[in-house]
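First the structure, in the form of structure tokens, and then the observations on it.
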Amino acid sequence: MSRDFVWFIGMNFAMVSCVLLGGGVTTTMRNYSYVAKDSTGKTVKGVIEAEDQQQVQEKIYEQGLFLISSQEALGGSKGHKPYKFKTKELSFGCRQLAAMLTSGLTIVKALDIMYKETEKKGPKEEWLALYEDVNKGSSFTEALIARGGSFPDFMISMCDAGESSGNLDVTIQRLSDYYANSNKTQNTIRSAMMYPIILGVLTIVMVIGMFTFIMPTFAGLMDESEMPALSRALFNFSDFLKARWYVLVIAIVVIVLAIRYALKVPSIRLKYDMAIMKMPTVGPLVVTMYEGRFSRNLSSLYSSGIPMVECLERASTVLGNSYVDKMFLQVVDEVKQGSPVSTSLAKTELFEGMFCSMILVGEESGALDEILDKTADYYEEEADAAVKRLVALLEPLMIIIMGLVIGVCLAGIFPLLYGGIGGLEDS
């Protein structure tokens, strides 16, 4: 018997044994970035998990799409947990990329430098994955899509438009400015909220201290049957807080979780977002903030060469308001049918008239991108002022709450003091 025949029999025996023991050949699922078109001719990009290119084509066909190209994306295993970049990190990263691309470096070399110069583990792995994907032949946009949530959709749309027009360096510079402004706004909100948060914490500590340590010292000044209703209620709450404080903690946690769950229900979230925008005093300030963010997003997207319909779809989703998203479905449909953007926006009554008028001027003059840029500058300043005014409303509100708590406690204690003093005079 020849040596080759023995080897052949041995290999077949091993394979049969593996199958019988349940250890058959395993297939590895990989992520593939793809470019396809739908029935209307619109380009669709995304990432799909499949065993090979053939299965990619089959899955794309099942979705009613026509596959144009697909390529294996790095880091596509199920165990990959993407690192989500913060606004500050996006601003810094885009600024560095823009500087290198403007100086003449290729995107591959720029990503290589970003990977080597980044020290933090999460961003370092993401920059490395981008570098390896692009180095293997993927476009920068396809590499961003393949990272599965690490980078925001707004950035991906901008980079897609920048690559298509050949102005990726200019687009990334715009992204750097956009995220720098967003980071500035976030820092402004954090700084402005510091004082109301401190007042809120002091109010909670004061309530706990008064009902736990101060109220019990006045309990012996008067019999419970002779106490006024307010004093009796305060002492009962004090006893409850000392003996069963955990019930109150559980109730607060349940209420918070219930509210968070309720806001995930689409119908409840829609009513909540609508109520925020219609609320007296607070509503106009929130709308001003939305106008600032929306105008900057629309300006950045439109200046990058993205069609207006797609600009409207993406610029509204960044606001994070379901009511705005619902109203913009109507805007997008009307713009698709040929209606001017300014007219469609005015019908929704989401934004003030001056905002729609400025867009109308841009449409009629043929300089919509310039008008949008100036509008964004104006409304960003207004948005910063609106944030400060909104936070300024919280400061007196917290002081009023603190004063009411102290007043109620004193209103319950003073009758006991007067009663105790009267008892001493009688004795």
Side-chain angles (χ1 to χ4, degrees), residues 40-42 152-155 157-158 160-162 164-165 167 170-171 174-175 177-178 181-182 185 270 273-280 282-387 389:
T40 63
K42 182 180 179 181
D153 292 339
F154 179 77
M155 179 177 177
S157 299
M158 290 279 289
D160 187 16
S164 300
S165 61
N167 296 319
V170 177
T171 300
R174 288 176 181 154
L175 282 170
D177 296 337
Y178 169 77
N181 290 330
S182 298
T185 302
L270 179 65
D273 289 340
M274 183 173 61
I276 290 293
M277 296 187 68
K278 303 295 183 182
M279 189 181 298
V282 175
L285 299 180
V286 173
V287 170
T288 302
M289 293 168 58
Y290 284 166
E291 287 171 339
R293 292 175 60 187
F294 174 76
S295 55
R296 176 58 66 190
N297 296 338
L298 188 62
S299 172
S300 301
L301 291 166
Y302 187 73
S303 300
S304 299
I306 298 177
M308 178 54 73
V309 172
E310 188 175 349
C311 290
L312 293 171
E313 291 173 342
R314 296 192 177 277
S316 62
T317 56
V318 177
L319 301 180
N321 187 297
S322 59
Y323 177 66
V324 174
D325 291 342
K326 180 182 178 182
M327 300 304 292
F328 262 83
L329 293 176
Q330 171 188 337
V331 174
V332 170
D333 289 340
E334 292 183 359
V335 172
K336 285 181 179 178
Q337 296 172 8
S339 177
V341 177
S342 55
T343 304
S344 302
L345 283 176
K347 289 181 181 179
T348 63
E349 299 182 352
L350 289 172
F351 303 136
E352 61 182 10
M354 189 179 76
F355 180 80
C356 299
S357 299
M358 295 176 76
I359 295 180
L360 175 62
V361 171
E363 289 178 317
E364 293 181 346
S365 63
L368 183 57
D369 52 348
E370 297 178 7
I371 295 295
L372 282 174
D373 193 51
K374 294 178 181 178
T375 303
D377 293 337
Y378 170 75
Y379 276 101
E380 278 181 348
E381 293 180 3
E382 290 295 310
D384 290 340
V387 170
R389 289 197 299 269

Checklist entry - Given side chains that start at C-beta, do those of Thr375 and Arg296 come closer than 4.5 Å, heavy atoms only? => result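 The answer is no, as the side chains (C-beta and beyond) never meet within the 4.5 Å cut-off.
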Next on the checklist: Side chains of Val324 and Leu350, heavy atoms from C-beta outward: is any pair under 4.5 Å?
Outcome noted: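 Val324 vs Leu350: side chains touch.
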Checklist entry - Would Tyr178 and Met158 count as a side-chain contact (heavy atoms from CB on, under 4.5 Å) if you check the C-alpha gap in whole Å, the side-chain angles of each, and the deciding distance to 0.1 Å? => result CA-CA 11 Å; Tyr178 169 77; Met158 290 279 289; over 6 Å; no
Under 3.5 Å donor-acceptor, [X] side chain and [Y] backbone:
X      : Y      : answer
Asn167 : Val170 : no
Ser299 : Ser295 : no
Ser339 : Val335 : no

Supply the atom-to-atom distance [X] [atom1] to [Y] [atom2], rounded to the nearest 0.5 angstrom.
X      : Y      : atom1 : atom2 : value
Glu382 : Met354 : CD    : CE    : 7.0 Å
Glu334 : Thr343 : CD    : OG1   : 8.5 Å
Met327 : Leu345 : CE    : CG    : 10.5 Å
Phe294 : Leu372 : CZ    : CG    : 8.5 Å
Ile371 : Tyr302 : CD1   : OH    : 12.0 Å
Leu270 : Ser322 : CG    : OG    : 4.5 Å

Checklist entry - Taking it one step at a time, do Glu310 and Leu301 satisfy side-chain contact (heavy atoms from CB on, under 4.5 Å)? => result CA-CA 9 Å; Glu310 188 175 349; Leu301 291 166; over 6 Å; no
Item to check | Full working for side-chain contact (heavy atoms from CB on, under 4.5 Å) between Val286 and Met279 | outcome: CA-CA 9 Å; Val286 173; Met279 189 181 298; over 6 Å; no
Checklist entry - What pairs of residues pass the salt bridge (Lys or Arg N to Asp or Glu O under 4.0 Å) test when at least one of them lies in residues 324-333, not counting sequence neighbours? => result none
Checklist entry - If you look at every heavy atom in Gly162 and Thr171, which pair is closest and at what distance? => result CA-OG1, 3.3 Å
Next on the checklist: How close do Leu312 and Val332 get, counting heavy atoms only, and between which atoms?
Outcome noted: CB-CG2, 4.1 Å
Item to check | Any pair counted as side-chain hydrogen bond (donor to acceptor under 3.5 Å, both in side chains), so long as it reaches residues 346-362, sequence neighbours left out | outcome: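 Checked against side-chain hydrogen bond (donor to acceptor under 3.5 Å, both in side chains) - neighbours excluded - the pairs reaching residues 346-362 are Glu352-Tyr379.
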Checklist entry - Above 12 or not: heavy atoms from other molecules or residues under 6.0 Å from CZ of Phe351? => result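 Result for CZ/Phe351: enclosed.
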Next on the checklist: Determine whether Ile276 and Tyr323 satisfy the following criterion, side-chain contact (heavy atoms from CB on, under 4.5 Å), listing intermediate values before the conclusion.
Outcome noted: CA-CA 10 Å; Ile276 290 293; Tyr323 177 66; over 6 Å; no
